[in-house]
Amino acid sequence: MKKFLISIFMVLILVLSACGSSKKEKEPENNGEKQQITSTKMTVSATDGGTIETEGGAAKIEIPAGALDQDTEITMTLFEKKSFPDEDKLVSKVVTFEPTGLVFNKDVTITLTIDSTYTTVPENMAVVPAFLAGTKWSHREAGGDPIMGGDPIMAGDPIMAGDPIMGGDPIMAGDPIMMNAGHFSSYAFILVETGTSPIEPTTEPTDEPTAEPTDEPTTEPTDEPTEEPTEEPTDDPTEEPEVVQEPYTLSCTGAALCYGTDNKPLEECDSNPESGYFGQDPQRTDTCAARNFTTGGTNTNPTNIDSNTGLEWQKTYNGTLATFEEAVSYCEGLEYGGYTDWRLPEIQELATIIDYSFYNFVDESVFPDFPTSGAFWSNTLYASGSSTVSRLGINFSPNTMTGIDDYAETKTNYAVCVRGEVFRKGTIVFNEEQIDGGLVITDTASGLQWTKSNATGKKWLEALEYCENLTFGGNTDWRLPNINELISIMDYAKYSPATVFPDIDSITLWSSTSKTPKNATSSSTSAWKMATKTGLTAPATKTSSYNAMCVRGGK
């Protein structure tokens, strides 16, 4: 799952009750099965957007124009809370959507209503919007207004986004409560203990920093303490940036076919810059290192050694689906090919084994046992700030959401293990300089040069043409980057944006890499894109409009 951002507005339907009764209506028996209340289906236009609403307005989703890449049929279903996890903590019905994993280009708005039987939030509890992650309800620690224990659910003053709602504060019918969600699955309002509520972190940081720093420096003698505090604080922050990425060469993506204006494969890649479809990934193999795997290990446990990265991969993999924790344990305990120092790969390492010339994204002559669908774990934490801990992985399924995505640690994916020094370890250092009036950004590790500016609203062929015709910073050899080059500027320890590239906005960038169709005669209607906000990748229809940022150099 690329990942996407949803702002959820939970609208409270308030009941004024003199007795403040909190008695709930008896829910129908359903033998442990989830009970559907209502379902509605609608095809939403990519151009105009649309609104889907259940009868009576108990649930609604509003999708703005341009949020979808193509017209999409969306089904919204409302369920009774019975038989969902922690049903006794749910204070609203549950809404789900299909297709799951749908990625939006813009925020969408989802509206739910609080069960009318609730009039007061219990003491030491808070009401927060939540989404279902596996078998648990998850809520955002840093995104949204909780309704604190003791708050009456009754008409009153409006809730401001980000303001904590303290005990006794009134709230008004129809006021929105906002949250950021990472998974388009099931949503509801849920009761949580205030100890885990979003406003808890705000009080802690303000107390602790003031107590310790002020006491310690003053209680210690002025001689030593003055030196130690000055040395330690400056050492720690400066030490980290000094661990910078060493020079490396990017591998080519493996993409082999070029496509004409009708999206049909060309017999050979056109070398004429005026052809209208020049600048595609396979035409630029002189800027990257050819993929090169050699065989190592033992006869019974062979390995694949990547000559470009120095990494050694397990040739046969753990074919059993595993949670993240199980995947880590599997690799750490693996004895294979004569080695015991195996580990789960980082996301920038896992990305190097994708071969974009194949429909299933993997060269079967190199990794013969890989599945034709499913996702693989990486060890890299998804730095989204979600209260649900997620790890990045790569989905190799050609017919579903593919590419770099994030997965809750409780989900089950595949694991392939790697050994060797972490590839591209350390901080990316970008140098910015003005050349002939243009700001040029140089990645000191890969040697690639980038335009600091980018062009908006480009379809794929327009993005190719834009970079090919660009004169910038005294150079004319700019090109649209391939998907590996885009991934190379990501720093997955960051989020929004997931890069330290200077002053870049959260945008979606085209790559020059087409999504390979099932066979050599099929058309390729999609190309790979990357979101700088998350670093996640996915294919998109070539007629969609995104940004073009150009690159030069390499190898």
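Just so it is clear, the model here is predicted, and its values are computed rather than measured.
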Please report the shortest heavy-atom distance between [X] and [Y], naming the atom on each side.
X      : Y      : result
Ser544 : Trp510 : O-CZ2, 3.3 Å
Leu439 : Glu432 : CD2-OE2, 3.6 Å
Leu344 : Ala415 : CD1-CB, 4.1 Å
Ala408 : Thr388 : CB-CG2, 4.0 Å
Trp313 : Trp342 : C-CZ3, 3.9 Å
Ala463 : Ala548 : CB-CB, 3.8 Å

Any side-chain heavy atom of [X] sitting closer than 4.5 Å to one from [Y]?
X      : Y      : value
Ile74  : Glu98  : no
Val418 : Phe423 : no
Asn379 : Pro345 : no
Asp503 : Lys452 : yes
Phe358 : Thr516 : no
Leu266 : Tyr259 : no
Leu448 : Glu485 : yes
Thr534 : Ser384 : no

Side chain of [X], backbone of [Y]: donor and acceptor closer than 3.5 Å?
X      : Y      : value
Thr525 : Thr541 : no
Asn308 : Asp306 : no
Gln283 : Gly279 : yes
Asp505 : Ile507 : no
Asn484 : Ser251 : yes
Arg424 : Ala445 : no
Gln314 : Cys417 : yes
Trp478 : Phe472 : yes
Asn360 : Val362 : no
Glu465 : Glu462 : no

| field | Centroid-centroid distance, Phe361 to Trp528, less than 6.0 Å | value |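 Phe361 vs Trp528: aromatic centres under 6.0 Å.
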| Is the Phe367-Phe370 ring centre distance short of 6.0 angstrom? |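 Ring-ring flag for Phe367/Phe370: true, centres closer than 6.0 Å.
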Starting at [atom1] of [X], measure out to [atom2] of [Y] and round the result to the nearest 0.5 Å.
X      : Y      : atom1 : atom2 : answer
Gln348 : Ile404 : CD    : CD1   : 9.5 Å
Trp450 : Ser453 : CH2   : OG    : 13.0 Å
Leu464 : Ser512 : CG    : OG    : 6.5 Å
Leu68  : Thr47  : CG    : OG1   : 10.0 Å
Ser522 : Asn263 : OG    : CG    : 11.5 Å
Leu392 : Leu381 : CG    : CG    : 8.0 Å

| Hey, mind stepping through Tyr356 and Ile483 against side-chain contact (heavy atoms from CB on, under 4.5 Å) and telling me if it holds? | CA-CA 9 Å; Tyr356 289 89; Ile483 190 61; 3.4 Å; yes
Inspect the surroundings of [atom1] in [X] and state if more than 12 heavy atoms from other residues, nucleotides or ligands are less than 6.0 Å away.
X      : atom1 : result
Glu364 : CD    : no
Gln434 : CD    : yes
Glu325 : CD    : no

| field | Full working for side-chain contact (heavy atoms from CB on, under 4.5 Å) between Leu509 and Tyr546 | value | CA-CA 6 Å; Leu509 292 169; Tyr546 296 113; over 6 Å; no
| Do the ring planes of Phe376 and Tyr414 sit parallel (below 30°), tilted (30 to 60°) or perpendicular (above 60°)? | tilted
| query | Run the side-chain contact (heavy atoms from CB on, under 4.5 Å) check on Ile504 and Thr499 step by step: do they pass? | reply | CA-CA 8 Å; Ile504 197 167; Thr499 179; 3.5 Å; yes
| message | Taking salt bridge (charged side-chain N to carboxylate O under 4.0 Å, His left out) as the criterion, tell me which of Lys425, Arg343, Arg419 meets it with Glu349. | response |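 Of all the options given, the one that passes is Arg343.
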Any luck finding a side-chain donor-acceptor pair between [X] and [Y] under 3.5 Å?
X      : Y      : result
Ser511 : Asn482 : no
Glu62  : Thr51  : no
Thr380 : Glu346 : yes
Lys458 : Tyr466 : no
Thr303 : Glu312 : yes
Asp281 : Thr253 : yes

| With Lys542, the side chain to side chain contact (heavy atoms under 4.5 Å, CB included) member among Ser526, Ser523, Ser524 |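 Exactly one option meets the side chain to side chain contact (heavy atoms under 4.5 Å, CB included) with Lys542, and it is Ser524.
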| Only one of Leu311, Asp363, Val366 clears side chain to side chain contact (heavy atoms under 4.5 Å, CB included) with Asn304; which? | Val366
| field | Candidate pair Val440 and Thr451, rule side-chain contact (heavy atoms from CB on, under 4.5 Å), full reasoning | value | CA-CA 5 Å; Val440 176; Thr451 58; over 6 Å; no
| field | Worked verdict on Thr442 versus Asn431 for side-chain hydrogen bond (donor to acceptor under 3.5 Å, both in side chains) | value | CA-CA 5 Å; Thr442 303; Asn431 286 341; over 6 Å; no
